[in-house]
Amino acid sequence: MGNTARDVPADQVDRPDRRTVLRTLVAGGALAAVGLPAAAASQGGTVSGRVAAARSRGLPARRGTAARQTGPAARPSGDAAAARQTGPAARATGDAAPARQTGPATRPSGDAAPAQTPVGGVSATQLRPPGALSSPASTTVEVRPGSSVPKPVLRRLGGPAPLPEDREFRLHLLRRTTYGVTAALLADVDDAGGTTSWLSRQLDPATLPDPVCDAVLPRFPLATATAPWCFAHLSRGSYLANQDLVRATLSRQVWSQRQLQEVMVEFWSNHLNITAPSGEVWATKGTDDREVVRAHALGRFDDMLVASLHSPAMLMYLSNATSSRVLPNENHGRELLELHTVGVGAGYGQAGVVDSARVLTGLTVWRPTDRGATPDVFGTFRYRADWHHTGPVRVLGWSHPNTDPAGGSAVAESYARYLATHPATAARLARKLAVRFVSDDPPASLVDALVSVYLEHETAIVPVLWALFTSSEFAAAAGRKQRRPAEDVVATMRALGVTPDPASTDSTAIRNVLAGLVGMGNAPLGWHPPDGYPDVAGAWSGAGTTLGRWNLHAALASGRLTSGLTWPALVPWLLGPQVPRTRGALVDALTDRLLPAGTLSPAHRTALVAFLGADGPVQPADTAGMFPLLVSMVLDSPGWCVR
Amino acid sequence: MLTDACAHAHPGPALSRRRLLQGLGLVGVAAAAPTLSSRAAYAAGGSWDGPVLLVLSLRGGFDGLSAVAPVGDPDYVRARPTIAVPAASALPTGDRMFGLHPALAPLLPLWQAGTMAAVHAVGTPDGSRSHFTAMDELERAAPGTSIRTGWLDRVLGIAGTGSAFEAVQLGSGTPARLLAGPVPALAARSLAGFNLLGADRVGTRMADTLRALHTDSPLPCAAPALLALRALDETARVVAADPGPQGGATYPTGSPLGAALADAAVLLRADVGLQTLTVDVGAWDLHADLGARGTGPMAAQLADLAGSLAAFARDLGPLFDRVTVVTISEFGRRVAENGSGGADHGHGNAVLLLGGGLRGGRVHGQWPGLRPDALDQGDLAGTTDYRDVLAEYLVNRFGLSTTALADVFPGLTPAPPGAFT
């Protein structure tokens, strides 16, 4: 692992023509839109300022400390504005709101006029309308220590039962829903007015400005390249576009303000796994990332599944692109059942697999060698009626006469929507979400509850997440999940405060971090088999992986990976302006900042102090040469593995 | 809190039901976590004097038709007018049908001494010509099932000792797919690189601190971390104590395979409990310029393979008898050469075997011939299932029962090729 820790470009596949590519790209302008709202960019300056201000506050507020925070005075003038902004309360006042967009709380709240109600202890920012983020006018709201949103108010708002506001729960929620707690993130939660409204915003990510991400993503322009563009500008099978996508994915995990969206993007990218980089999807994976995973990560699973069945990358990855009525390939038909939806135990049998594959025949991809192919369709979805199997098809409780050769795409959609709403699919997704967010072996009570919510809300994902995060099982599960190695590394970068150097377009350091993740078998999007990265502790316990994590901690804490990144001075960043006077206090400050409460025994604390030497006054080396190593030791502690 | 009473009651190679089920992929990986700490608990015994399996993965599609050239088949030269290995320069195998590629000359003494053999026309049930699918299926080795673990992981789930070194991969930090599953594999690019970054500056303080931090922690990453620390210690110890290559062995300079095998020899000499070793070798996807008449890139890669393996055998001396080397590749290459002086993805292939316990000095298997009508979509047909080669080894040498074999290769009706005594 030691050889990944220096700034040597580690993955230079296809690099020579990169410059040409970029030049062409700028000239051609043929990239797909990044998909970020214009508002995000326009609000960038303000938000950076807010983040900077939050960071300048240094350490997170401690329990019992009153956090003084500012928020815009602007309040919505009516219920509609409030509803638009408050996530779980959305459509609280409407009557015909479809379930697909809302939280579990779709109960109409009548005329509660929540926005006019002065809410004790709740920041007004929770209710601010679009644009209010940049409002110069502000009021100061005192948040009382230990105060939480009064339950009756939120109930009337139509929102879910509010989340606890104590520090332990807040940190638990943030460890599970983000890529790592930072001082800025804690300030964001305060700014939002507490965990409930912070979570509401995270579940409505389009409203969240994302300036740091906006600034770094242009370094990876091919991440959003379309398939025809790749065919026109890259050599066949080039890894360039896939590599940019992987780098962009890592960057978003580290720097995006839309943390829960990135967590869910990772979740779905694993559920509907398509390996990148890989030669098969060299031109098409980016489209899948954008139009299947990101488009529906917080939408409805049935929509995501329909999109996936029409995604060139998935059709290539699972060989459906070459499956025809004459030579059917069962791969996609089988994995659709086994991995994407109902699972092996659902009772479909081999006959079900065969019909599943038949349904999907004709869903393919335009190849340059196809008759009639023009460059603008290379690598895009193609329906071939002449390849589609016609005749009755039946899988589980679904059947279709399937008589029209031209109608295969609609049959596939009907089939996908049936599968998405199947109780076995609900059970698999509910359990998978519970494994992601609660524990490696989640309680059946929770899984059952999530199944009901999923089915009641017609496969909408956000209500399931609300039910999950407000469950007693979630609250009781602190400390019961382990980070995967890549998550550990991303959390480390976040904790150490690294940011993209705005004056640079160099991605060498990011590529080197990725090389380290490749070495541990956990690069974003990098899992080879179609079942996605495992998400249980036992899968990531190898000695090589453990050592890899430790060595990346050391490399990151030493600030060696500098090309294109800016590292803050570690001591003030982690300790604030006042360095503790004793080694014991120094260790306490660091572990308080970085580790979940209760994960260090007195003996562990003693060991960390002993790493510096005998307890006593802090020596100059402790905050100089030894400091990055001490930080590494803290990050190597078992507690840092806790998700 | 994390114990597995069954495993504790029967430590060692005896098969616990849980491990068996995990090996089969029949319990969720979630259930694997408890076993890990019990493994760690009895991982102290780092010694192993049984057979050692070395799997060389020849990724990209190894051209068995060049390595073990069917020079006695008239269709060979016909299909490969420019890239066939000429009969005149092929090394004699004792079988008039086959000659070894001239670049394999360093291995000829092993062949003649009976510590090398080949099996030809080895195929896979999958039959895919896609690297990805073929490799995945090859290493999963459980066609028609939903098992997700790799076959070698299943072997170790049954017969592994629990040593930190039971499953080592060298040359790459990522455990290969055949090791996917609950048994933790120790993957390292090299032994020299298997160390703690920063530790050189503070002596043993770093490892001491890490040991203390992971002792008496209830968190699941603690036990595997202690195992990692132990592996670090042992690695440092054996690397420091190793006298270097023995018997005048010289590994090819600049060869990743040579370096990995030299490291493997260090671990074997030190007796740290190495049971299985996996190494990825080379880039064999020679669609173009495979090399005319036994020269070129294919020859260069084979020379590296042969030089490294010959040095390994010499380095190990009598220890080589405990080792079995098996080469494995996702597919062979097309019989007919293409217009670029290479060969495209094919099917049937040659497997090379080296080490003890072989019926050596001969080419095993049933040769289907290269007549156009004998080919499988233009490719050498597979007449021996690769799982049968591995299965014969596992039963005859590794001591697996036939019942256990069914758990490693579900659905396989064994048809041993007779390559192992």
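We name chains A, B, ... by the order of the sequence lines, and we start the count at 1 in each one.
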Spatial distance of atom [atom1] ([X]) from atom [atom2] ([Y]) [nearest 0.5 Å]:
X: B:Met206; Y: A:Phe611; atom1: CE; atom2: CZ; answer: 5.5 Å
X: A:Arg483; Y: B:Cys221; atom1: CZ; atom2: SG; answer: 10.5 Å
X: B:Leu197; Y: A:Ser558; atom1: CG; atom2: OG; answer: 7.0 Å

Identify which part of [X] has an atom lying under 4.5 Å from any heavy atom of chain A, answering side chain, backbone, both or neither.
X: B:Thr215; value: backbone
X: B:Leu226; value: neither
X: B:Arg177; value: side chain

Given a strict heavy-atom distance threshold of 4.5 Å, which part of [X] is in contact with chain B: side chain, backbone, both, or neither?
X: A:Leu612; result: backbone
X: A:Val435; result: neither
X: A:Ala610; result: backbone

**OP:** Check each of A:Val634, A:Leu600, A:Thr599 against B:Leu213 using the side chain to side chain contact (heavy atoms under 4.5 Å, CB included) test, and report the only one that passes.
**Re:**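 It is A:Leu600, the one option of A:Val634, A:Leu600, A:Thr599 that forms the side chain to side chain contact (heavy atoms under 4.5 Å, CB included) with B:Leu213.
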Original post:
chain B: which of A:Val344, A:Asp531, A:Asn331 shares the most heavy-atom pairs with it under 4.5 Å?
Top reply: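 With the most close heavy-atom pairs to chain B, the winner is A:Asp531.
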Original post:
Does CZ belonging to A:Arg605 count more than 12 external heavy atoms closer than 6.0 Å?
Top reply: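 Yes - once you tally the heavy atoms of other residues, nucleotides and ligands closer than 6.0 Å, there are more than 12.
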Original post:
Is the backbone N or O of A:Leu629 less than 3.5 Å from a side-chain atom of B:Arg201, with the two atoms forming a donor-acceptor pair by type?
Top reply: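 No, the answer is negative, given that no donor and acceptor are paired below the 3.5 Å cut-off.
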**OP:** Would you confirm whether B:Asp208, through its side chain, and A:Ala607, through its main-chain N or O, come within 3.5 Å as a donor-acceptor pair?
**Re:**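 It does not hold such a pair.
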**OP:** Measure across B:Asp216 and A:His604 and return the closest heavy-atom pair with its distance rounded to 0.1 Å.
**Re:**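 Taking B:Asp216 first and A:His604 second, the nearest heavy atoms are O-CE1, 3.7 Å.
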Original post:
Under 6.0 Å between the ring centres of B:His214 and A:Trp640?
Top reply: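 Between A:Trp640 and B:His214, which both carry aromatic rings, the centre distance is not below 6.0 Å.
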**OP:** List the steps and the verdict of side-chain contact (heavy atoms from CB on, under 4.5 Å) for B:Arg205 and A:Met626.
**Re:** CA-CA 12 Å; B:Arg205 230 192 293 177; A:Met626 285 298 283; 3.7 Å; yes
Subject >> Options B:Leu186, B:Leu196, B:Leu229, ranked by heavy-atom pairs under 4.5 Å with chain A, top entry >> reply: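 Ranked by heavy-atom pairs under 4.5 Å with chain A, first place is B:Leu196.
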